[in-house]
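To keep things clear, I will list the structure first and then write my remarks on it.
Just so it is clear: chains get the letters A, B, ... in the order the sequence lines come, proteins before strands, and each one is counted from 1.
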Amino acid sequence: MSYDFINIEEKWQKYWSGNKVFKAYNNSTLPKYYVMDMFPYPSGAGLHVGHPLGYIASDIYSRFKRHKGFNVLHPQGYDSFGLPAEQYAIQTGRHPSETTKENILRYRKQLDRLGFSFDWSREIRTSNKDYYKWTQWMFIKLYNSWFDLKSNKARSIDELISVFEKNGNYELSASKNESSEEFNSKRWNSFSDQKKEKILLDYRMAFLSETEVNWCSKLGTVLANDEIIDGLSERGGYEVIRKKMTQWSIRISAYSDRLLSGLNDIDWPDPLKEMQRNWIGKSEGSLVKFDILNFDNQIEAFTTRPDTIYGVTFVTLAPEHSLVELITKGENKNSVNNYILESSKKTERDRMSDVKSISGVFTGAYALHPLTNNKIPIWISDYVLAGYGTGAVMAVPCGDQRDYNFANFFDLPIVNVFKDIDISKEAFKEKDNFVLTNSEELNGLDFKKGCLLALKKLEKLDKGSHEINYKLRDAVFSRQRYWGEPFPVYYRNNMPVMISEKYLPIELPDVDKYLPTEDGKPPLGNSSNWAWDTLNNIIVSNNLIDNEIVFRMELNTMPGWAGSSWYFNRYMDPTNKDEFASKKSLDYWKEVDLYIGGSEHATGHLLYSRFWQYFLYDLGLVPVKDYAKKLINQGMILGNSAFVYRLNGTNTYISKELINRQHVQLIHVDIRYVNSNDELDLESLRKWQPQFKEAKFEFENDKFFVKREVEKMSKSKYNVVSPDEICEKYGADTLRLYEMFLGPIDQAKPWNTAGITGTFSFLKKFWNLFHENENFNVVIDKPSSESLKILHKTIKKVNKDIENFSFNTSVSAFMICVNSLSAIKCNNRSVLESLTVLLSPFAPHICEEIWSKLGHKETISFVKYPEYNSDYIKEDNIEYPVSFNGKLKFKLIQESSLVIDQIKQNVISDQRTNNFLDGREIKKIIIVPGKIINIVC
RNA sequence: GCUUCGGUGGCGGAAUUGGUAGACGCGCUGGAUUCAAAAUCCAGUUCUGUAAAGAGUGUGGGUUCGAUUCCCACCCGAAGUACCA
């Protein structure tokens with residue numbers, strides 16, 4: 001009987017889903033374990049072999065935990081709102097919900113084929129109204145909250161209102177938008193409702209404000225910072241400019257500190273934590289206040305180097321700084337305005353590529369040095385970023401290279417505050433190896449002491465304060481797109497009003513066109529039924545808008561990260577109609593124990609979702625702060641692209657070695673037409689694309705070779721390998737094993753189909769262990785000690801490897817095990833049974849088949865996982881000396897204690913140790929519990 | 001520039017706290033089986049050398065009886081980030 005993987009896999013996949021084998025229950029006496037994958041975006045292209053890598057790893061771990069007696073939750077769903085579906089809708093006119101459904105169906109089919117143990121009864125889709133109802137609900141919660149800096153948590157807006165009513169906002173310490181207005185309770189109570197609303201909006205966790213946004217006109221929408229790469233849009237690579245727009249934002253910056261310190265408590269990969277730390281960008285320093293000559297206003301500048309305060313020779317403002325207009329005087333007005341205009345025209349990309357050129361203009365105004373009262377000029381320059389710190393810099397040319405360059409370029413004075421340090425060529429940027437000079441009372445101090453004293457002086461004069469600054473910006477939450485969650489918001493008197501939770505979900509309306517309207521309104525502006533009737537509490541026709549009962553709705557939709565920021569909680573109770581998840585289910589599952597996904601989400605989804613969970617936690621809606629205890633980033637599987645060389649301007653292609661400095665272009669060709677020797681099948685190529693039909697080819701030795709290169713797998717590069725082809729040819733079990741065998745889970749690695757024969761023949765050998773001459777043949781006898789040794793070595797290694805997520809080495813261990821067992825022709829039932837259970841997380845179909853052939857009725861998935869017994873392995877007790885330092889150390893292979901005489905004998909008979917002993921006598925033997933033996937001589 | 005991670009055969013990659021470097025797989029070579037091929041099985045495969053032997057984990061130093069592993073300097077690669085004051 002040969003290994004018929006096609007039938008076996010089909011049979012068991014049917015069995016598993018038919019019997020709901022992997023359904024997880026919210027009440028169980030078993031300990032819980034929650035394994036989650038980052039849910040996919042169902043794109044039109046389908047899966048390639050790179051996609052399932054993480055799913056296979058998480059599936060192995062889930063199955064392993066099931067064997068270990070855990071109640072495992074292993075769900076899957078779809079992040080189904082998003083731009084690609086909408087782009088497709090724009091091009092074809094088909095409704096995104098239609099194409100999304102199709103794509104999901106195809107994804108599901110492909111996933112099912114790999115034998116995953118997902119509990120599909122818990123599937124969720126972010127674009128389902130039953131789901132986004134709760135996304136909208138949470139948005140309302142954000143809107144109705146403010147952030148209290150004293151208790152460092154989000155609180156209900158009602159509490160803020162009562163604070164205002166009692167004390168005004170003088171004593172309040174809250175995270176808010178820049179608004180200078182201060183009021184006492186009396187004034188607050190005298191404000192109109194609209195005015196109150198306006199003020200409250202500055203404090204809400206979700207707020208509307210005019211902010212500078214990244215506008216991508218090609219995509220017709222704003223983008224978050226993490227959606228921009230090298231100044232171009234991540235999707236499409238289009239130009240992005242800065243633009244002021246009224247937008248919803250989420251006050252994620254309030255959580256900077258907690259998001260940063262929370263990293264210490266979670267088991268996430270270090271590089272990823274580091275990325276989040278950089279993105280949050282904490283820096284500690286001082287806020288320095290500069291009076292302005294002839295004005296009442298002050299310029300606040302953030303600096304990390306208050307010790308160099310005496311080196312300040314000018315102040316630079318960002319062109320967008322709010323004081324620029326006020327302080328610019330007559331003759332400077334023109335040049336300043338021109339400069340502002342020009343820098344606002346620059347795209348992100350221009351600004352970035354323009355880093356080296358120096359530009360700026362003098363405002364004509366002067367600031368006063370806070371300690372010396374010297375007059376120092378105020379300049380503007382776009383090297384100062386409006387979005388960071390206060391948008392103002394106290395320029396210290398001697399200590400900062402940009403200030404240095406700027407001062408030299410515009411011939412501004414430079415004061416050297418570093419004793420005996422040469423700054424004639426460049427600024428001195430170090431924080432060590434200097435003492436201060438030219439700095440009055442700071443003279444002779446180093447960085448640390450200088451900072452302390454400078455700050456103390458500034459504080460005394462009320463000219464400065466200690467300040468911590470973060471790079472993390474509030475997240476823009478509006479998208480001018482169709483395929484996203486609608487806001488549960490209508491506008492009354494131009495102020496946003498939340499629709500009551502009772503009437504959720506606010507369903508996405510149908511539109512004819514998915515592009516923004518011509519007057520720049522988002523696509524929802526194309527809907528004729530997008531108004532809110534406050535009497536009946538329903539969506540009605542736009543014609544009925546009277547601004548008394550019927551009001552216009554918010555036209556923007558939420559960004560992609562809204563739905564993905566809390567989905568892990570929904571899996572716990574996915575069909576709940578009354579809550580996003582019941583308290584009982586939340587308390588039972590608590591958090592994700594293992595989360596697997598790509599590191600490309602480090603500063604997007606993985607930061608937003610942490611924030612979102614913190615927020616829910618503050619409101620007492622979830623029981624844990626951080627939702628994922630452990631996270632693993634799977635590396636990408638790369639494609640092995642093939643190229644042909646085309647002579648420039650011709651339709652002639654030349655084989656790889658014939659280039660000889662001719663001018664050529666590289667053209668991707670489909671890797672299916674290239675064999676493992678990089679030879680191209682020209683006949684198939686000619687049929688593939690018309691340009692090759694009549695093309696000329698120059699051969700070397702009658703063969704045509706292509707150039708190979710490893711790059712990302714993508715349809716457009718013609719290097720995609722589909723899991724379906726592999727399943728057809730070798731089966732899902734082989735694919736699963738091979739993907740794990742390819743290398744460490746977290747490393748990027750190129751796909752190479754040729755290598756798969758190794759894991760395929762391993763499975764055949766495994767199958768043959770149970771079969772002899774076409775018959776299933778295992779015997780019940782006493783297992784040989786040799787077979788037990790082989791088995792238990794493997795059990796030990798595999799258990800350890802799975803716990804360490806070192807799946808590639810456990811596959812190796814299986815291969816060694818099967819080879820060794822077949823070498824000694826072992827067909828002992830108990831040994832092979834244990835091996836089958838051991839292998840089943842990796843190759844579930846074949847193991848399930850064999851399990852049933854062994855006469856078991858239950859599915860293999862819940863059988864107790866084999867544990868190793870050291871008694872079977874013990875043998876060579878001493879390996880070799882470990883270290884020699886007056887003492888000799890021996891490493892033991894087994895923990896079992898040893899007879900001292902045996903050690904002595906071994907030591908003396910071993911030639912290597914004999915050399916070390918050099919004739920000396922063994923005085924004392926110390927056995928250390930940690931497997932090490934010290935021999936003193 | 002800064003931060004982080006990495007550099008081991010023809011290739012993907014193994015190697016516990018420093019202890020026989022190259023497990024396992026691919027590829028390659030030879031052999032068996034076959035009319036032949038596929039498949040399968042056996043043997044070999046770091047490099048130099050016929051061999052004996054020697055060299056060898058990016059480079060150069062150091063610690064150590066012993067270094068892929070620890071320390072210092074440098075080179076190269078990948079990822080992230082960047083007028084961040």
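Among the nucleotides B:A14, B:C26, B:U81, the one closest to the side chain of A:Pro744 is B:A14. Side-chain proximity of A:Glu274 to the nucleotides B:U40, B:C83, B:U4 is greatest for B:U4. Looking at the side chain of A:Asn752, the nearest of the listed nucleotides B:G12, B:A85, B:C26 is B:C26. Considering only side-chain atoms of A:Tyr388, the nucleotide from B:U40, B:G25, B:A85 that sits closest is B:A85. The nucleotide whose nearest atom lies closest to any side-chain atom of A:Tyr383 is, among B:U40, B:A23, B:C83, B:C83. Listed candidates were B:C83, B:C84, B:A23. Nearest to the side chain of A:Lys471 is B:C84. Taking only side-chain atoms of A:Ile816, from C-beta outward, the nucleotide of B:U40, B:U81, B:A23 with the closest atom is B:A23. With distances taken from any side-chain atom of A:Met275 to the nucleotides B:C84, B:A23, B:G80, the minimum falls on B:G80.
B:C75 and B:U64 are spaced 28 Å apart, taking the P atom of each and rounding to whole Å. For the P atoms, the distance from B:A73 to B:C83 is 29 Å, rounded to whole Å. As rounded to the nearest Å, B:C11 and B:U59 have P atoms that lie 15 Å from one another. For the C1' atom pair drawn from B:G62 and B:U16, the interatomic distance equals 26 Å after rounding to whole Å. Using atom C1' as the reference point in both B:C28 and B:U34, the two lie 22 Å apart (nearest Å). When the P atom is compared between B:C2 and B:G66, the two are found 36 Å apart, to the nearest whole Å. Of the C1' atoms belonging to B:G27 and B:G9, the separation is 12 Å, rounded to the nearest Å. Taking the P atom of each, B:A82 and B:U20 are spaced 46 Å apart, rounded to whole Å.
Dashed line: the shortest gap from a side-chain N or O of A:Asn808 to OP1 or OP2 of B:A14 is under 4.0 Å. Between A:Arg277 and B:U81, a side-chain N or O to OP1/OP2 separation shorter than 4.0 Å is absent. In terms of phosphate contacts, A:Lys749 brings no side-chain nitrogen or oxygen within less than 4.0 Å of OP1 or OP2 of B:G13. Close to B:G13, at under 4.0 Å from its OP1 or OP2, lies a side-chain N or O of A:Gln747. Within the 4.0 Å cut-off from OP1 or OP2 of B:G25, at least one side-chain nitrogen or oxygen of A:Asn819 is found.
Residues A:Ser253 and A:Asp474 bring a donor and an acceptor atom of their side chains to less than 3.5 Å of each other. Side-chain contact, A:Asn799 with A:Glu803: no donor N or O sits under 3.5 Å from an acceptor N or O.
Remark: side-chain polar atoms of A:Ser286 are not paired, donor with acceptor, to backbone N or O of A:Val288 under 3.5 angstrom. In this structure, the side chain of A:His369 engages the main chain of A:Ile309 through a donor-acceptor pair within 3.5 Å.
Note on ring orientation: taking the six-membered ring where Trp is involved, the planes of A:Phe760 and A:Phe5 are perpendicular (angle over 60°, cut-offs 30° and 60°). Note on ring orientation: taking the six-membered ring where Trp is involved, the planes of A:Phe805 and A:Phe807 are perpendicular (angle over 60°, cut-offs 30° and 60°).
A residue-by-residue look at A:Phe302 and A:Ser806 shows that A:Ser806 has its nearest nucleotide of RNA chain B further toward the 5' end. Judged by closest nucleotide on RNA chain B, A:Asp270 is the one of A:Asp270 and A:Thr390 placed further toward the 5' end.
Classification of B:G9 as syn follows from a glycosidic angle within 90° of 0.
The nearest whole Å value for the distance from the CG atom in A:Asn278 to the C1' atom in B:C84 is 11 Å. Atom P of nucleotide B:C24 and atom NZ of A:Lys793 are separated by 12 Å, given to the nearest angstrom. When the P atom of B:A23 is taken as reference, atom CZ of A:Phe741 falls 11 Å away, rounded to whole Å. Atom P of nucleotide B:C24 and atom CG of A:Leu742 are separated by 18 Å, given to the nearest angstrom. Atom CG in A:Leu638 sits about 15 Å away from atom C1' in B:G13, given to the nearest Å. For the pair A:Trp767 CH2 and B:U40 C1', the interatomic distance rounds to 18 Å; values are reported in whole Å. For the pair A:Met394 CE and B:C83 P, the interatomic distance rounds to 21 Å; values are reported in whole Å. In this structure, CG of A:Leu287 is placed 12 Å from C1' of B:A85, rounded to the nearest angstrom.
Between A:Tyr730 and A:Tyr738, the ring centre distance reaches or exceeds 6.0 Å.
Using a 4.0 Å heavy-atom criterion, one finds that A:Lys765 contacts the sugar-phosphate atoms exclusively. At a threshold of 4.0 angstrom between heavy atoms, the contacts of A:Thr757 are confined to the sugar-phosphate backbone, with no base atom among them.
Once rounded to the nearest 0.5 Å, the distance linking CD1 of A:Ile378 with CZ of A:Phe314 reads 12.5 Å.
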(request) Would you write the dot-bracket representation of RNA chain B, where each base gets (, ), [, ], | or . depending on whether it forms a Watson-Crick or G-U pair under 3.5 Å and with which partner? (result) (((((((..(((......[....)))((((((.......))))))(((....)))..(((((..]....))))))))))))....
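Checked against side chain to side chain donor-acceptor pair (under 3.5 Å), A:Tyr339 has the following partners two or more places apart in sequence or in another chain: A:Ser359, A:Asp382.
Within the structure, the salt bridge (charged side-chain N to carboxylate O under 4.0 Å, His left out) test picks out no pair touching residues 742-765 of chain A (sequence neighbours left out).
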